[in-house]
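A quick write-up on the structure given underneath.
Counting from 1, the numbers follow the sequence of the chain as shown. Values in this document were obtained by computation on a predicted structure and should not be read as measured data. Read the numbers this way: they start at 1 and go in the same order the structure lists the ligands and their atoms.
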Amino acid sequence: MAVLVYAEHDNSSIKGATLNTVAAAQAIGGDIHVLVAGSNCQAAAAAAAQIAGVSKVLVADNAAYTNQLAENVSLLVADLGKAYSHILAPATTNGKNFAPRVAALLDVAQISEITKVISADTFERPIYAGNAIATVQALDAIKVLTVRATGFDAVAATGGSAAVEAVATVTDAGTSKFVAEELAKSDRPELTAAKIVVSGGRGMGNGDNFKILYSLADKLGAAVGASRAAVDAGFVPNDMQVGQTGKIVAPQLYVAVGISGAIQHLAGMKDSKVIVAINKDPEAPIFQVADYGLVGDLFDLVPQLEKLV
Ligand SMILES: Cc1cc2nc3c(=O)[nH]c(=O)nc-3n(C[C@H](O)[C@H](O)[C@H](O)COP(=O)(O)OP(=O)(O)OC[C@H]3O[C@@H](n4cnc5c(N)ncnc54)[C@H](O)[C@@H]3O)c2cc1C
């Protein structure tokens, strides 16, 4: 039995979610091979070879995989994947984009966003915005799984010495092309990897007021997140959204400021180790999941809190 893990990368380095996905592969058991598909991605392949527990790295370095378009990558993964019992991808935007196509090409059912491996064919995954956990047994010969990074502790990024092998086949569907991208630049830690997250909701009032959260976050070394209401109102860009339709985070500390705690928001943060809520409404549902709560006006409390840090 061998498990194929798709590496999330930017051609030069491996993204953190890959390490959590390798941890899920270890829980399944068997040899772990990592696929790095990209162009000019040798540095990422070399980094993948260092990951603890990986025995082989397959490198598909070709212009067809620049920007990892799902149409091309899915053909590649389905082709290589036939030799494996399990194909795992991180449940990132990229993984969610190509993995279901792989499952369809292989005529198997995908299991999405697993949070636990019970055995080689049985997995746990959250359903109903994280309000129930489904235990799913897959009878397909090849199991296609996406992995929720927060469910698995990352393996070490170094310490391994996997063999690196080039993949000769090129699968170019020729049906899509990459036009441009707009990246939100930030010096703060990446939201899904941050140890501390400070999030603001509709209670922040406007985008300008988020300054008080940025200032607190910078003192704490934290990433800044937001509720969908804050995103929809245009206070902040939507890559900051935490929740069912945004990012799933599970930091050591999550500070929810002016957020009511709708189930769709809780779906993205309720596995955080310690939750602090700041809200002027003592009945706000966020207090039901908060370990520590401050009832009061956030415009008084956040600056006071910052002074104490
Ligand atoms: C299909 C679907 C998917 C969704 N996905 C997401 C998702 O991914 N993420 C997400 O967040 N939401 C999501 N939502 C939206 C969700 O249902 C809520 O509407 C949203 O989370 C509410 O955001 P909020 O808590 O910021 O706003 P509100 O619910 O309006 O809460 C604002 C809070 O701020 C407090 N407040 C106001 N002023 C102050 C002040 N001065 N000091 C202190 N507190 C103050 C209020 O007491 C209130 O509790 C989704 C909804 C649907 C239907």
Closest non-hydrogen atom pair between V3 and A25, with its separation: CG1-CB, 3.8 Å
Atom indices of ligand 1, in the order listed, that fall short of 4.0 Å to a heavy atom of G296: 42 (N), 43 (C)
Options G203, G261, S260, ranked by nearest heavy atom to atom 29 (O) of ligand 1, top entry: S260
Atom 19 (O) of ligand 1 protein-contacted (non-hydrogen atom, under 4.0 angstrom): no
Distance-minimising heavy-atom pair for S260 and P285: O-CD, 3.1 Å
Under-4.0 Å salt bridge between D218 and R188: yes
Option set Q244, M269, R228, E283, criterion heavy-atom distance to atom 2 (C) of ligand 1, minimum: R228
Sub-4.0 Å heavy-atom contact, G268 with ligand 1: no
Qualifying ring pair (Phe, Tyr, Trp, His ring centres under 6.0 Å) pairs with a residue from residues 50-90, counting only residues at least two apart or across chains: H33-Y84
Lys/Arg-Asp/Glu bridge criterion (N-O < 4.0 Å) met for K15, E190: no
Residue and atom name of the nearest protein heavy atom (relative to atom 47 (O) of ligand 1), distance in Å to one decimal: N279 OD1, 2.7 Å
Test item, A226 contacting ligand 1 (heavy atom, 4.0 angstrom): no
Taking atom 22 (C) of ligand 1 as the reference point, the nearest protein heavy atom with its distance: A229 CB, 3.8 Å
Closest contact, heavy atoms only, A222 versus P189: O-CD, 3.5 Å
Any Y254 side-chain heavy atom under 4.5 Å of I196 side chain: no
Numbered atoms and elements of ligand 1 in range of T245, under 4.0 angstrom, heavy atoms: 3 (C), 4 (C), 5 (N), 6 (C), 7 (C), 8 (O)
Numbered atoms and elements of ligand 1 in range of A262, under 4.0 angstrom, heavy atoms: 16 (C), 17 (O), 18 (C), 21 (O)
Region of V242 engaging ligand 1 - heavy atom pairs below 4.0 Å: backbone
